[in-house]
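A short write-up of the structure that comes next.
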Amino acid sequence: MTFSTDVHAQGEAAADPFGERLRPTISVRRQILGGRFRFDSDSADLLGLVEAAYAGLPEHRFSTVAPEFRIELRLLPREAAAIRATPPSVRTQAGAGLLCGMMDEANYVVLVPAQHRGLVVVSQDMLAHPYHVRYELIEFAVFMLAARGLGLVPLHGACIGHEGRGVLLLGASGAGKSTLALHGLLDGMDFLAEDGVFVQPDSLLATGVANYLHVKEDALDFLDDDAVRGWIEASPVIHRRSGVAKFEADLREGTGRPAPMPLQLAGAVLVSAEAAPDPSRLLQRLPWEHVAAWLAADQPYAAGQPGWERFIHRLGGLGVYELRRGRHPRDAVAALRALLAAGVTGR
């Protein structure tokens, strides 16, 4: 019987050497970044990570009909001895119309942007690192397909707004973008995204994924609300590749308001870690001749995308501002509210 079983297993492997025949799959559909996404998998654990990332979000749509993007997620067995304290970093490669991101031979992403399709492969032991699987593999697939398939400019930054208008928050790590986004959220502003913003270059409509807010412990020093502090402190702690530890607070637990639709950008703000000489004057419009080069250096990947020049042209008409620190983050939020209310005006 053992011999017969082994022969049968070998026959199955020979008949399907690439593992193309999936077991019965489950499908999950979500509207993300203005696109329709379908996730197929034979693993409830992997689909659970999809739901952790995208369930319960506002369904953003643009005026054009979006294609359907399909992502297949596969779970591979691997010995528990292979578990490492930190998963390897993702290495990227491209060619023959494919985009690839690889941690190792059992954890990788392969995308075919022209066909709006992707494959995410995850080993069993990597489920011990759900943040890395979700953030570095699943979101990699979603963000790349959406940006390429919908012609969006992908920006590393945050965005908050009010009454359908938004302000793009840019700046170096540690400048305070997440803290500013948090206080904007607590002040009743719409929260669009904290880490990645995707912009239609011609309309300057911005979309994002308002699922989590990542804040460092020192950001809690400015919180006066004990309930909000408790919500954040009870959240899981994630560790960035840089070594920085942050709370990962789920915005869908009822705190704040995710932007219900894409926001019309009213301008961009460079968030500075420097204190303002005059606490009553935190915002200052920057000369465009210096800003354009800085933006390209700050966003090197976006600057190489087809829509970059159109995006820059439109953004230049709105203005880019520097925002320096005031006595309290709520002062910076008030300055952003004034910018949104005033529209495109010099200061």
Side-chain angles (χ1 to χ4, degrees), residues 15-43 45-51 53-55 57 59-76 90-123 126 133-155 196-203 205-209 262 301-308 310-311:
D16 187 22
F18 297 101
E20 295 174 271
R21 301 173 186 171
L22 274 179
R23 295 189 297 273
T25 62
I26 308 170
S27 296
V28 169
R29 288 178 169 84
R30 294 289 173 211
Q31 184 80 17
I32 310 166
L33 299 175
R36 298 177 295 123
F37 279 81
R38 171 175 164 174
F39 302 88
D40 299 314
S41 184
D42 58 357
S43 167
D45 290 325
L46 290 180
L47 288 178
L49 292 178
V50 170
E51 291 292 82
Y54 305 118
L57 295 175
E59 296 187 346
H60 287 191
R61 289 178 170 83
F62 296 114
S63 58
T64 56
V65 177
E68 181 180 72
F69 301 95
R70 295 189 62 174
I71 298 177
E72 184 178 306
L73 302 105
R74 292 201 174 201
L75 188 64
L76 298 183
V90 174
R91 294 165 292 148
T92 56
Q93 187 58 268
L98 305 176
L99 298 179
C100 303
M102 176 177 288
M103 286 183 174
D104 57 28
E105 72 280 1
N107 295 277
Y108 55 87
V109 179
V110 180
L111 305 176
V112 191
Q115 297 180 16
H116 308 131
R117 297 178 72 93
L119 171 68
V120 177
V121 176
V122 179
S123 61
M126 270 293 292
V133 174
R134 170 174 52 81
Y135 186 71
E136 297 182 335
L137 295 178
I138 296 175
E139 288 195 359
F140 175 91
V142 169
F143 287 179
M144 288 296 99
L145 287 178
R148 297 296 179 92
L150 298 172
L152 305 177
V153 176
L155 300 165
V197 182
F198 296 78
V199 182
Q200 276 192 334
D202 296 314
S203 67
L205 283 172
T207 184
V209 178
Y301 178 73
Q305 300 308 301
W308 177 257
R310 304 198 309 278
F311 165 72

[X] and [Y]: which non-hydrogen atoms are nearest, and at how many Å?
X      : Y      : value
Gly35  : Leu150 : N-CD1, 3.8 Å
Pro67  : Gly149 : CG-O, 4.4 Å
Ile71  : Ala141 : CD1-CB, 3.9 Å
Pro201 : Gly307 : CB-O, 3.3 Å
Ala206 : Val199 : CB-CG2, 4.0 Å
Pro154 : Ala302 : O-CB, 3.1 Å

Any side-chain heavy atom of [X] within less than 4.5 Å of one from [Y]?
X      : Y      : value
Tyr54  : Val28  : no
Leu47  : Ser27  : no
Thr92  : Phe140 : yes
Met102 : Val90  : no
Tyr108 : Cys100 : no
Leu46  : Phe39  : no
Leu57  : Val209 : yes
Arg148 : Leu111 : no

Step-by-step side chain to side chain contact (heavy atoms under 4.5 Å, CB included) determination, Leu205 to Gln200: CA-CA 5 Å; Leu205 283 172; Gln200 276 192 334; 3.9 Å; yes
Under 3.5 Å, is there a donor-acceptor pair between the side chain of Arg36 and the main chain of Ala66?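 Present.
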Counting distance only, does the side-chain N/O of Gln31 pair as donor-acceptor with the main-chain N or O of His60 below 3.5 Å?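 Yes: the side chain of Gln31 pairs with the backbone of His60.
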Residues, nucleotides or ligands: over 12 heavy atoms within 6.0 Å of Gln93 CD: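 No, the 6.0 Å shell around CD holds no more than 12 heavy atoms from other groups.
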For Val112 and Leu98, run side chain to side chain contact (heavy atoms under 4.5 Å, CB included): C-alpha distance rounded to whole Å, both residues' side-chain angles, the deciding distance at 0.1 Å, then the answer. CA-CA 5 Å; Val112 191; Leu98 305 176; 3.5 Å; yes
Measuring from [X]:[atom1] to [Y]:[atom2], what's the distance to the nearest 0.5 Å?
X      : Y      : atom1 : atom2 : answer
Ile32  : Thr207 : CD1   : OG1   : 10.0 Å
Leu137 : Leu49  : CG    : CG    : 10.0 Å
Met144 : Glu139 : CE    : CD    : 11.0 Å
Gln305 : Leu155 : CD    : CG    : 10.5 Å

Using the six-membered ring wherever Trp is involved, compare the ring planes of Trp308 and Phe311 and label them parallel, tilted or perpendicular (cut-offs 30° and 60°).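 It falls in the tilted class, 30° to 60°.
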Whether His116 and Phe69 hold their rings parallel, tilted or perpendicular, with breakpoints at 30° and 60°: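 It falls in the perpendicular class, over 60°.
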side-chain hydrogen bond (donor to acceptor under 3.5 Å, both in side chains) partners of Arg117, counting only residues at least two apart: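 Result, side-chain hydrogen bond (donor to acceptor under 3.5 Å, both in side chains) vs Arg117: none returned.
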Option from Ile138, Leu119, Val109 for which side-chain contact (heavy atoms from CB on, under 4.5 Å) with Leu73 holds: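 For Leu73, the side-chain contact (heavy atoms from CB on, under 4.5 Å) check succeeds only for Ile138.
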Apply the ring pair (Phe, Tyr, Trp, His ring centres under 6.0 Å) test between Phe143 and each candidate in Phe37, Tyr135, Phe198; give the one that qualifies.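 Result for ring pair (Phe, Tyr, Trp, His ring centres under 6.0 Å) with Phe143: Phe198.
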Under the criterion side chain to side chain contact (heavy atoms under 4.5 Å, CB included), I'd like the reasoning laid out for Gln115 against Arg70: C-alpha separation, chi angles, the key distance, then a yes or no. CA-CA 9 Å; Gln115 297 180 16; Arg70 295 189 62 174; over 6 Å; no
